Asker: 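Dumping the structure here so I can ask a few things about it.
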Protein chains: 2
Amino acid sequence: MTNQHYGQFCGLARAAEIVGQRWTLLILRDLSVGPQRYSDLVSGLPGIPTNTLASRLKELEEEGIVERLAPSSGERAVVYRLTPRGEELGPAMDALSRWGAGGMRTPRDGEIVTTASIAAALKVAAGDGIVPEDWDAAYTVRVGEVETHLIMRDGVITVGPGAAEAPDLVITAGPQIRDLLAGELDADTAIATGAVKLEGDASLFARFADTLHVPYSPNVPA
Amino acid sequence: MTNQHYGQFCGLARAAEIVGQRWTLLILRDLSVGPQRYSDLVSGLPGIPTNTLASRLKELEEEGIVERLAPSSGERAVVYRLTPRGEELGPAMDALSRWGAGGMRTPRDGEIVTTASIAAALKVAAGDGIVPEDWDAAYTVRVGEVETHLIMRDGVITVGPGAAEAPDLVITAGPQIRDLLAGELDADTAIATGAVKLEGDASLFARFADTLHVPYSPNVPA
DNA sequence: CTGGATCCTCAACGATACTG
DNA sequence: CAGTATCGTTGAGGATCCAG
């Protein structure tokens, strides 16, 4: 609406007019794991002013990036969902996510972890999502209160919110799971030190740790 | 410094704290084509308030993304340059650029084209930059007042600011060059209608038009 | 001339309260 | 549940000025 423009006929400038708005990238991240209600977004984005969320959603709807689905009969809640155009942002968000993750060492004071952020981290860690065809494993990853599932099947990895239906392995961890994904903590040590707890087929953990990687950047300043 | 934080231990959130700042993405785009002086940045970013540019550069320096090179003896100007960590943003910026370009139809009123934006468009159009090993051609692309060079050699494409040293072909065009890159204007028509003017080995133009593509997204709303 | 710093204004953001 | 309304605060925009 009253979106700020840069006055340049340039793809990056156009993109920046959208994703350069405060909170917008995080809203899109949350929507990228699945359709969400207004209240889901509020709870996944601690600290967002409700009026800011409302106006961002309105802007994104006008831009054709998000669609607002009025409660159809039977349903009782408004739901927001990415449009196909919104889904196209996936590669860019993954690239940003990967870059940002490369600079993360330890959580800053008071920083929290949300469902969507774990899902994003696992998605980035999954990389191109290609694994051997004969792998067939369902994982539930639990960090704090949130659960994410990760399935390796038919040669691809899929990541999403919520527990797996019939997980072969449930992994419970703290934020140290990031060190594991960064490759700075190996699977055996993670288990030995109690950084992760496993329930189910623990032999599947090595495969998890070996396959998923979000490396730290060697170029971050002290 | 007084950078706004999102309070989430998440790569995308960390990235958003940087690139979500107004003007920052465009500053980084300009720096991505090469080191720039303060005044180069000012002229490549029409409308940026000088204090905003100054504080962005300071923040980016503190983040280890940009470095400020004091004039060494012999030089007389301060120069800003991406650090290795800053260079790592390239893939994310390319992805955003590609996404934004997919939504661009015609310039909005008063929108301009800068050197860096053409370079970014050509870079995105070059895709993975792989071409047959035996191609060897140097192009200068001139749009308005700005010139960019594009070299296909040794199997890769390189794009940069300024004219090529010994161009085999000089392409002069208006913003319609975007339609060419979008694949909505074929090479012969572009020449026939005068949308582009060629100087040099015109036979190299078909290769240029066939190789470089920034497709429009089919998903943009009307 | 380059590389900023300063000042002022106003639109956008942030926090809280409140409503259909 | 899904937002509006209100109001204080912050940061961008724009012009000008200054030091090396």
Side-chain angles (χ1 to χ4, degrees), chain A residues 1-8 13 16-27 30-31 35-63 66-81 110, chain B residues 1-8 13 16-28 30-31 35-63 66-81 110 112:
Chain A
M1 190 60 146
T2 159
N3 240 354
Q4 302 261 44
H5 293 177
Y6 286 106
Q8 302 198 6
E17 290 169 3
I18 309 286
V19 305
Q21 297 267 78
R22 187 146 167 78
W23 289 107
T24 296
L25 266 175
L26 295 198
I27 293 168
D30 281 21
L31 291 176
Q36 308 276 333
R37 294 176 304 172
Y38 191 89
S39 47
D40 296 331
L41 291 168
V42 169
S43 55
L45 301 167
I48 191 173
T50 165
N51 52 357
T52 298
L53 176 57
S55 58
R56 288 294 175 278
L57 287 170
K58 207 165 293 176
E59 291 159 14
L60 289 169
E61 202 186 342
E62 286 170 5
E63 300 282 350
V66 163
E67 55 190 342
R68 181 184 193 272
L69 303 175
S72 57
S73 60
E75 295 295 325
R76 57 172 51 249
V78 177
V79 167
Y80 293 90
R81 187 174 61 183
Chain B
M1 193 53 154
T2 161
N3 240 352
Q4 302 260 40
H5 293 177
Y6 286 107
Q8 301 199 5
E17 290 168 5
I18 309 286
V19 305
Q21 296 267 82
R22 186 145 167 77
W23 288 108
T24 296
L25 267 175
L26 295 197
I27 293 169
L28 294 173
D30 280 21
L31 291 177
Q36 307 276 337
R37 293 176 303 173
Y38 191 89
S39 48
D40 295 332
L41 292 169
V42 169
S43 55
L45 301 168
I48 192 172
T50 162
N51 53 356
T52 298
L53 176 57
S55 58
R56 288 294 175 276
L57 287 171
K58 207 164 293 175
E59 291 159 12
L60 289 170
E61 201 186 344
E62 285 170 5
E63 300 282 350
V66 162
E67 54 189 344
R68 180 182 195 272
L69 303 176
S72 58
S73 61
E75 295 295 325
R76 58 172 49 251
V78 176
V79 166
Y80 293 91
R81 185 174 65 181
I112 60 153

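Side chains included, hydrogens not; waters and symmetry mates left out as well; all remaining heavy atoms used. By convention in this document, chain letters (A, B, ...) are assigned in the order of the sequence lines, proteins followed by strands, and residues within each chain are numbered from 1. From a predicted model like this one, the values you see are computed outputs, not experimental measurements.
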Asker: Taking side chain as C-beta onward, heavy atoms only, is B:Y38 less than 4.5 Å from B:T50?
Answerer: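 Heavy-atom side-chain distance check passes, below 4.5 Å.
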Asker: Would you kindly give the CG-to-P distance between B:L45 and D:dG13, to the nearest whole Å?
Answerer: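 Rounded to the whole Å, the gap is 11 Å.
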Asker: Pick base, sugar-phosphate or nothing for A:R37, based on heavy-atom distances below 4.0 Å to the nucleic acid.
Answerer: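 The residue A:R37 makes sugar-phosphate contact but no base contact.
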Asker: Hey, does the side chain of B:R68 come within less than 4.0 Å of C:dG4's phosphate (OP1/OP2), counting only N and O?
Answerer: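 So the side chain of B:R68 is within the cut-off, an N or O lying under 4.0 Å from OP1 or OP2 of C:dG4.
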Asker: Which part of the nucleic acid, if any, lies within reach of A:S39 when heavy atoms closer than 4.0 Å are counted: base, sugar-phosphate only, or nothing?
Answerer: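 Sugar-phosphate: the residue A:S39, judged by heavy atoms under 4.0 Å, touches backbone atoms but no base.
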Asker: Measuring to OP1 and OP2 of C:dC13, would you say a side-chain N or O of A:Q21 lies under 4.0 angstrom away?
Answerer: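 Indeed, a polar side-chain atom of A:Q21 lies that close.
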Asker: Where the side chain of B:A54 is defined as all heavy atoms beyond and including C-beta, which of D:dA2, D:dT4, C:dG4 is the nearest nucleotide?
Answerer: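 Per side-chain heavy atoms of B:A54, the pick is C:dG4.
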Asker: So B:R68 and B:V79, do their side chains get closer than 4.5 Å, heavy atoms only?
Answerer: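 A side-chain contact under 4.5 Å is absent here.
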Asker: Quantified as the angle between the terminal helix axes (five pairs each), what is the overall bend of the helix from C:dC1-D:dG20 to C:dG20-D:dC1 to 10 degrees?
Answerer: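 Inter-axis angle at the ends, rounded: 40°.
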Asker: Expressed in angstrom and rounded to an integer, what is the separation of A:E59 atom CD from D:dG3 atom P?
Answerer: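 Taking CD of A:E59 and P of D:dG3, I get 14 Å after rounding.
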Asker: Among D:dA12, C:dG3, D:dG3, which nucleotide sits nearest the side chain of A:Y38?
Answerer: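 Comparing D:dA12, C:dG3, D:dG3 against the side chain of A:Y38, the answer is D:dG3.
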Asker: Between C:dC13 and A:T52, is there an OP1 or OP2 to side-chain N/O distance shorter than 4.0 Å?
Answerer: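 For C:dC13, OP1/OP2 do not have a side-chain N/O of A:T52 under 4.0 Å.
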Asker: One pair to check against side-chain contact (heavy atoms from CB on, under 4.5 Å): B:E63 and B:I18. What are the steps and the verdict?
Answerer: CA-CA 9 Å; B:E63 300 282 350; B:I18 309 286; 3.6 Å; yes
Asker: Report the C-alpha distance between A:I27 and A:L57 in whole Å, list the side-chain angles of each, state the deciding distance to 0.1 Å, and finish with yes or no for side-chain contact (heavy atoms from CB on, under 4.5 Å).
Answerer: CA-CA 8 Å; A:I27 293 168; A:L57 287 170; 4.2 Å; yes
Asker: Is it true that A:E61 and A:K58 have a side-chain N and a carboxylate O under 4.0 angstrom from each other?
Answerer: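 Between A:K58 and A:E61 there is no salt bridge, as every charged N stays at least 4.0 Å from the carboxylate O atoms.
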Asker: Rounding to an integer number of Å, can you tell me how far A:L69 CG sits from D:dC1 P?
Answerer: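 Result: 18 Å.
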Asker: Please check the phosphate of D:dG11 (OP1 and OP2 only) for any side-chain N or O of A:R22 closer than 4.0 Å.
Answerer: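 No, because none of the side-chain N or O atoms of A:R22 sits under 4.0 Å from OP1 or OP2 of D:dG11.
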Asker: Step by step, work out the side-chain contact (heavy atoms from CB on, under 4.5 Å) result for A:Y6 and A:E17.
Answerer: CA-CA 7 Å; A:Y6 286 106; A:E17 290 169 3; 3.6 Å; yes
Asker: Tell me the interatomic distance from A:Q4, atom CD, to D:dG13, atom C1', rounded to whole angstroms.
Answerer: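 Interatomic distance, CD of A:Q4 to C1' of D:dG13: 9 Å.
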Asker: Heavy atoms from C-beta onward define the side chain here; which of D:dA2, D:dG11, C:dT2 lies closest to that of B:A77?
Answerer: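 Minimum distance to the B:A77 side chain belongs to C:dT2.
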Asker: Starting at CG of A:L60 and ending at P of D:dG3, how long is that distance when rounded to a whole Å?
Answerer: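 A:L60 atom CG is separated from D:dG3 atom P by 13 Å.
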Asker: What's the closest nucleotide to the B:K58 side chain, out of D:dG3, C:dA5, D:dG13?
Answerer: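 Between D:dG3, C:dA5, D:dG13, the one nearest the side chain of B:K58 would be C:dA5.
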Asker: Compare side-chain N and O positions of B:Y80 against OP1 and OP2 of C:dG4 and report whether any pair is under 4.0 Å apart.
Answerer: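 Result: yes.
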Asker: Looking at D:dG3, does its base get a donor-acceptor pair with the side chain of A:N51 below 3.5 Å?
Answerer: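 Counting by modelled atom types and ignoring angles, no donor-acceptor contact under 3.5 Å is found here.
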